[in-house]
Q: 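Sharing a structure, written as structure tokens. Questions coming.
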Amino acid sequence: MIHSLFLVNASGDIFLEKHWKSVVSRSVCDYFFEAQERATEPENVPPVIPTPHHYLISVLRHRIYFVAVIQSEVPPLFVIEFLHRVVDTFQDYFGVCTEAAIKDNVVVVYELLEEMLDNGFPLATESNILKELIKPPTILRTMVNTITGSTNVGEQLPTGQLSVVPWRRTGVKYTNNEAYFDVVEEIDAIIDKSGSTITAEIQGVIDACVKLTGMPDLTLSFMNPRLLDDVSFHPCVRFKRWEAERILSFIPPDGNFRLLSYHVSSQNLVAIPVYVKHNITFREGSSQGRFDLTLGPKQTMGKAVESVLVSSQLPRGVLNANLNPSQGTYTFDPVTKLLSWDVGKINPQKLPSLKGTMSLQAGASKPDENPTINIQFKIQQMAISGLKVNRLDMYGEKYKPFKGIKYMTKAGKFQRCVWIAGSDRYYTNRASLIIVTS
Amino acid sequence: MQEWANQLCENRQFGSKMTDSKYFTTTKKGEIFELKAELNSDKKEKKKEAVKKVIASMTVGKDVSALFPDVVNCMQTDNLELKKLVYLYLMNYAKSQPDMAIMAVNTFVKDCEDPNPLIRALAVRTMGCIRVDKITEYLCEPLRKCLKDEDPYVRKTAAVCVAKLHDINAQLVEDQGFLDTLKDLISDSNPMVVANAVAALSEIAESHPNSNLLDLNPQTINKLLTALNECTEWGQIFILDCLANYTPRDDRESQSICERVTPRLSHANSAVVLSAVKVLMKFMEMLPKDLDYYGTLLKKLAPPLVTLLSAEPELQYVALRNINLIVQRRPEILKHEMKVFFVKYNDPIYVKLEKLDIMIRLASQANIAQVLAELKEYATEVDVDFVRKAVRAIGRCAIKVEQSAERCVSTLLDLIQTKVNYVVQEAIVVIKDIFRKYPNKYESVIATLCENLDSLDEPEARAAMIWIVGEYAERIDNADELLESFLEGFHDESTQVQLQLLTAIVKLFLKKPTETQELVQQVLSLATQDSDNPDLRDRGYIYWRLLSTDPVAAKEVVLAEKPLISEETDLIEPTLLEELICHIGTLASVYHKPPSAFVEGSRGVQHKRLPGSAGSGESVESPDTGSAAGVSDAPPAVIPSQGDLLGDLLNLDLAPPATTTGPPPPTSSGMQMGAMDLLGGGLDSLMGDESEPPPIPLRTDTPQSPQLPHQSPSPPDYSPTELGGDLGGSPAMGAGFGAPPAAMPASFNAPVSGGLDDLFDLGGGVGMPSGAYSPPKSIWLPAMKAKGLEISGTFARRAGVVQMEMTLTNKAMSVMTDFAIQFNRNSFGLAPAGPLQVLTPVSPNQSIEVALPLNTVGPVMKMEPLNNLQVAVKNNIDVFYFSCQYPISMLFVEDGKMERQVFLATWKDIPNDNESQFQIKDCHLSSDAASSKLQGSNIFTIAKRTVDGQDMLYQSTKLTNGIWVLAELRVQAGNPNYTVSLKCRAPEVAQCVFQSYEAVLKN
């Protein structure tokens, strides 16, 4: 099981260590640093690193590496899932998960880690339970504790810990009872240079914020549950009921949680809500290149495409770009060759475009690399898969809660191949575009 | 949603003075003294702040152990936070201050009685984390109580504590009977307790391979399945991993377990999903393929695997490594999901490379167009490693899907046109393979390749290009010029290139003898006279001799038709794949190596196998059902291995095969084949699937050098036939691994007195040759030193059990009774498996024979010499001590035969520093006789090869603690001196193993 944990910051310093069994010298992290040095990008450090006596399993989040040391055969996914859970918990407790936040709350961090893992076995990882054991720091509590000398640590055994619903504590009380659900979908797509879709898939999640008194039992039904053939549920969802009736029936945790995530695969038809027209050319023997990019909406059911952001990695040979956006602003970084264009909202009547010239190194041959184009956007009030909630009912409690459901579509990883004309060979590029509906 | 989240964020907006960072600010010299004063302050608040400062220093690795007594003084408090903080400190530093730690014991014991279950659990949990022997003694009583506590929270904490205690002192846990209590907890009413009990037992079982701790039967399985639905996600992982070790009795049980596990596929925790996949993949083997449910299950497996790919990149990586295995075992599951493996531009590199691998595995005629289009995109990306792999992938597509070969070749040519150096080199390497797969089809591209000759600077690409030039020398006008240009810097080239150049020029000479005589002489003299590389010299001499004696033969040899290369050279060998499928989700699955191969010094990792499919008629051997007798230790001999046959032949008159249990060994065929061997036919040639292919000369024209484990580090270029042969042979071997040696029933070696021993010898040799070497008895304890008790004895391995055989002689004047025996800790954990059976008193001048069965699960301590054993014998007179040395061959287990592939890989994998060489003098056995003699002592010959009249035997053996020893035994006909080279990850055993070799061979 998990032996030790080291937290390493972006500059390669270990700023926290915790051991659940015997102490492992921090020199074990040297193997990690070696791998870190070899990796070209921070995110390219391999997640599992063998050393003569240990294995190092790491995740990178918020520019902090969480490096777990294990000594015996342990499912690596178990370790990785746990590390992500640790990060989520820190974020939940401190609002952000940064080196500063962790150092500011080092004692709470230590108490949390001790509570989450015992001898390498997970003990309490549900945030509800943890919050009863160790109260999150707030200004008020810190003040009060300083004055009265009372404590952050719960004195009683959390009620939920051993019940059939370990994710919910008993005795929850609210004056305003409310339940909100956000349906958020991301599109990942690869589109080839002729504009036809190679793959497109939708990753969707339903995030919930439930603040209900007592022990409410909720059911959520969909207009078109057939879309959901590949789903992962929060443990609270009764699987049998879903199998039989395609209804989500559950006693919710208190507060924020992810009710389910789903995947609509490429087998189903996925509508792509935006299109890109582009014309990027370099002429042989000229130190100038032309750049022309136009965006337009497509299949958005009348909803506006917002927060559009286009970025592109131009070839290394490009010295500068002199472009003219029809709306929004653009920047070009001559060092990283990154072009980014903050478009804003797409007006279907007047399509946004970015046109102009690129200057190349004099005398250099035509660039032979492929620029990359990423597009990000959001569409409110629409789930691109067409998923719709039918109704939400509550049983087990008498009051009437306030209920709300939002939809959003975002671009996930959207890739577009680009044709660079004017050369005897063609080059293709890939781009990434993200679609969000809410 | 954002607004709601913000409420939490506000919480951190308090001033920095309020935060814990202040604890880091005091770093002056007097810090420790300051803290000391604060810790001893009367004010509670000050104390707590001081402990927090201490903890803060600890987290950043500062040594604050000097404050130990002061911190421990703060422990007796009713403030839970302060108590927890002190506990945190204790866990870290108790080890360095064991005497001081005792001060804390009373408080712990008191807390274990606290009315608040939280405090009871906290106390027992913390106590278990303090790794100090003195404290663990005090832990036993509170722990026993907590294991039976009324509150499940305390019970579940206590269950984990047993695992902790076992880690510190295994003997104590066994003596105190905690293991049984832990087993009882599997039936606990609370699912969380069950899950923790399973987790604790699994961890303990890892260090006790043969202890049968997790006794899985349909009842316990049912309990686990019930708990599975109700426990936490982590508990589900433990339970699923445990379930995967079970072997269902029949396909119906298998189906019902699958049905109950399938809902886990929809769990949000990916580790749960993958563990469930493992259980399903394993149990699916038992379902008949025509069953509707089988098809349903296959369909259900795809979506969760795809979903894993939308998780965080680290999770994706592990998932992809496992999908790689699943795709090889059951390609049908994901055959329609090619697109999800398309690389996204912002995937981390390690994810990209894995996706690429799986794309190739899934490539088929139906989707090859898409795949090629993608690969072509990848070949123009920035990351060099990725681009290289993409180019290689194009070549693999061409070889795998014949219809696409032409498109692949033209794509590769396009890529060569880019003139990007590493792309060109990679492309040339794969084009060489395409030529070999489709001879005489694409040679028109050679001209284009030749244009790029100058830009090649990597040995592999140069070697590939030279091979092409040599192979097609007759179609390349200026082949001689091209090759000559390489010859100039011959000595600066790598061996790979040199060998290739030598072969290519000889080929050229055979094709165009008139113009190239000078060239060939030049290269032969470079290779034979100026080179210190033995491979190169040998090959040079062979060619020289061939060319000078019989040019026609030379032509037949060098220009012989080559076998086509196999489609997928990197497929995992099936037995290994089966084992890895049983380990889905583990580190083994990430590294694609069996756990035994990479878990350093791990004790007795068991080889797991997939259960046989229903209806195949083969009985399924589960590790738990145990084998009824020694018989099942022998592989159910579908294809009898060479060693077995020899053994059978030699043993025929000694040990007639008993037919009481198990399938009768194939005696008749053994006789026949063995007889043929005597006639000089040679088993090797008869049994092509177990022996090496005909030796070197025929193989010299393949682009790789001949494979000898000790010579060449490059991967073997196995031809299809050879590979096929191996695979055919291996399942039978693998089946033998299923039954652990220690599953031998104890009754088999129940106390036997003198004469019966010999009888047993005959009966015992059923499954294995009975010739296990046992040294003659020697006097261990002279009567002078032991008040008249004389003990002489020896060690023997009989029917898979180590026995200590002793003669106790009473040379005193009075009767001796009440014998007992005990061992000190020793290197291999040898311990008596039962009490010393001396049932009758020994009267003066009487001798009595005793056989004491031993096991190897006792406490371990390294001894000097390694095989030293210190023994204490007690009788009614006194206690006596003596030490003796046991031959290490007693510890060679019956399943120590390695797969050939694994042997090769392991041999290379073990660093050369670990190799040791020994000479055995004056041994007059032939290599075959030596081999069978060694096999009798569980040293197994895996392959034999004859070079220059010298026989090389490649052998493996495995010790009871899972250490593998690999050996190469060289026997020169007519030379009584043998050479043994031993390679082992634990080199300290080499000396002992060598002694055993010598002892076995000379007796």
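All chains are named by letter (A, B, ...) in the order of the sequence lines, taking the proteins before the strands, and each is independently numbered beginning at 1.
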Q: Find the one option among Ala101(A), Pro235(A), Pro50(A), Ser261(A) whose heavy-atom pairs under 4.5 Å with chain B are most numerous.
A: Pro50(A)
Q: Against chain A, label Leu315(B) side chain, backbone, both or neither, depending on which of its atoms sit under 4.5 Å from a heavy atom there.
A: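 Contact with chain A is through both the backbone and side chain of Leu315(B).
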Q: Which region of Phe233(A), side chain (C-beta onward) or backbone (N, CA, C, O), has a non-hydrogen atom less than 4.5 Å from a non-hydrogen atom of chain B, or is it both or neither?
A: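 Both parts, backbone and side chain.
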Q: Glu81(A) and Ala268(B): which non-hydrogen atoms are nearest, and at how many Å?
A: OE2-O, 4.0 Å
Q: Which one wins on heavy-atom pair count under 4.5 Å against chain B: Arg61(A), Glu115(A), Glu243(A), Lys240(A)?
A: Glu115(A)
Q: Taking all atoms of both residues into account, what is the closest heavy-atom pair of Asp241(B) and Pro75(A), and its distance?
A: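 Nearest heavy atoms, Asp241(B) then Pro75(A): OD2-CG, 3.4 Å.
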Q: Parallel, tilted or perpendicular for Phe238(B) and Phe78(A), by the 30°/60° rule?
A: tilted
Q: As an exercise: rank Met91(B), Arg125(B), His267(B) by heavy-atom pairs under 4.5 Å with chain A and give me the winner.
A: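 Looking at each of Met91(B), Arg125(B), His267(B) in turn, Arg125(B) comes out on top.
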Q: Identify which of Leu274(B), Asn269(B), Thr307(B) forms the greatest number of heavy-atom pairs closer than 4.5 Å to chain A.
A: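 The option with the most such pairs is Asn269(B).
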Q: Taking NZ, NE, NH1 and NH2 as the nitrogens, is one of them in Lys21(A) or Glu203(B) under 4.0 Å from a carboxylate oxygen of the other?
A: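 Answer for the salt bridge query: yes.
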Q: Taking all non-hydrogen atoms of both residues into account, name the closest pair between Phe121(A) and Val160(B) and its distance.
A: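 For Phe121(A) and Val160(B), the tightest heavy-atom pair comes out as CD1-CG1, 3.2 Å.
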Q: Classify the ring geometry of Trp234(B) against Phe82(A): parallel below 30°, tilted from 30° to 60°, perpendicular beyond 60°.
A: perpendicular
Q: Within the structure provided, determine whether Lys18(A) and Leu88(B) are in side-chain contact (heavy-atom separation under 4.5 Å).
A: yes
Q: How far does CG of Leu308(B) sit from OG of Ser232(A), to the nearest 0.5 angstrom?
A: 8.0 Å
Q: Taking all non-hydrogen atoms of both residues into account, name the closest pair between Leu587(B) and Pro76(A) and its distance.
A: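 Looking at all heavy atoms of both residues, the closest pair is N-CD, 3.7 Å.
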Q: Once rounded to the nearest 0.5 Å, what's the spacing between atom OG of Ser266(B) and atom NE2 of His234(A)?
A: 14.5 Å
Q: Could you check if a side-chain atom of Pro46(A) sits within less than 4.5 angstrom of a side-chain atom of Tyr317(B), using non-hydrogen atoms only?
A: no
Q: With distance as the sole test, does Asn44(A) use its side chain to make a donor-acceptor pair with the main-chain N or O of Pro348(B) at under 3.5 Å?
A: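 Looks like no, no N/O pair under 3.5 Å.
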Q: At a heavy-atom distance under 4.5 Å, which candidate from Ser270(B), Ser310(B), Ala200(B) has the highest pair count against chain A?
A: Ser270(B)
Q: Given heavy-atom pairs under 4.5 angstrom as the criterion, report whether the side chain, backbone, both or neither of Pro313(B) touches chain A.
A: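 For Pro313(B), no heavy atom lies under 4.5 Å from chain A.
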Q: So, taking the atom named CG in Leu85(B) and the one named OH in Tyr110(A), what distance separates them when rounded to the nearest 0.5 Å?
A: 11.5 Å
Q: For the OG atom of Ser202(B) and the CE atom of Met1(A), what is their distance to the nearest 0.5 Å?
A: 7.5 Å
Q: For a quick test of reading the model, state the closest non-hydrogen atom pair linking Glu233(B) to Thr125(A) and the distance between them.
A: OE2-OG1, 4.3 Å
Q: Is Tyr87(B) in contact with chain A via its backbone, its side chain, both, or neither, using a 4.5 Å heavy-atom distance?
A: neither
Q: How close do Thr157(B) and Asp118(A) get, heavy atom to heavy atom, and via which atoms?
A: CG2-OD2, 4.0 Å
Q: For Ile55(B), is it the side chain, the backbone, both or neither that has a heavy atom under 4.5 Å from a heavy atom of chain A?
A: side chain
Q: Do Glu41(A) and Ile349(B) touch side chain to side chain, with heavy atoms closer than 4.5 Å?
A: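 Side-chain contact under 4.5 Å: no.
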Q: Is the shortest side-chain heavy-atom distance between Leu60(A) and Glu314(B) below 4.5 Å?
A: yes
Q: Would you compute the distance between atom CG of Leu77(A) and atom OG of Ser275(B) and round it to the nearest 0.5 angstrom?
A: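 If I round to the nearest 0.5 Å, the distance is 8.0 Å.
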Q: By a 4.5 Å heavy-atom criterion (distance strictly below it), what part of Val45(A) contacts chain B: side chain, backbone, both, or neither?
A: backbone
Q: Quick check on Arg258(A) against chain B: is it the side chain, the backbone, both or neither that has a heavy atom closer than 4.5 Å?
A: neither
Q: Which atoms of Val74(A) come close to chain B, meaning under 4.5 Å heavy atom to heavy atom: side chain ones, backbone ones, both, or neither?
A: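 Just its backbone gets close to chain B.
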Q: Highest number of heavy-atom pairs under 4.5 Å with chain A: which of Ala199(B), Cys129(B), Ala319(B)?
A: Ala199(B)
Q: Sort Ile584(B) into side chain, backbone, both or neither according to what part of it lies under 4.5 angstrom from a heavy atom of chain A.
A: neither
Q: With a 4.5 Å limit on heavy-atom distance, are the side chains of Ile80(A) and Glu312(B) in contact?
A: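 No. Closest side-chain heavy atoms not under 4.5 Å.
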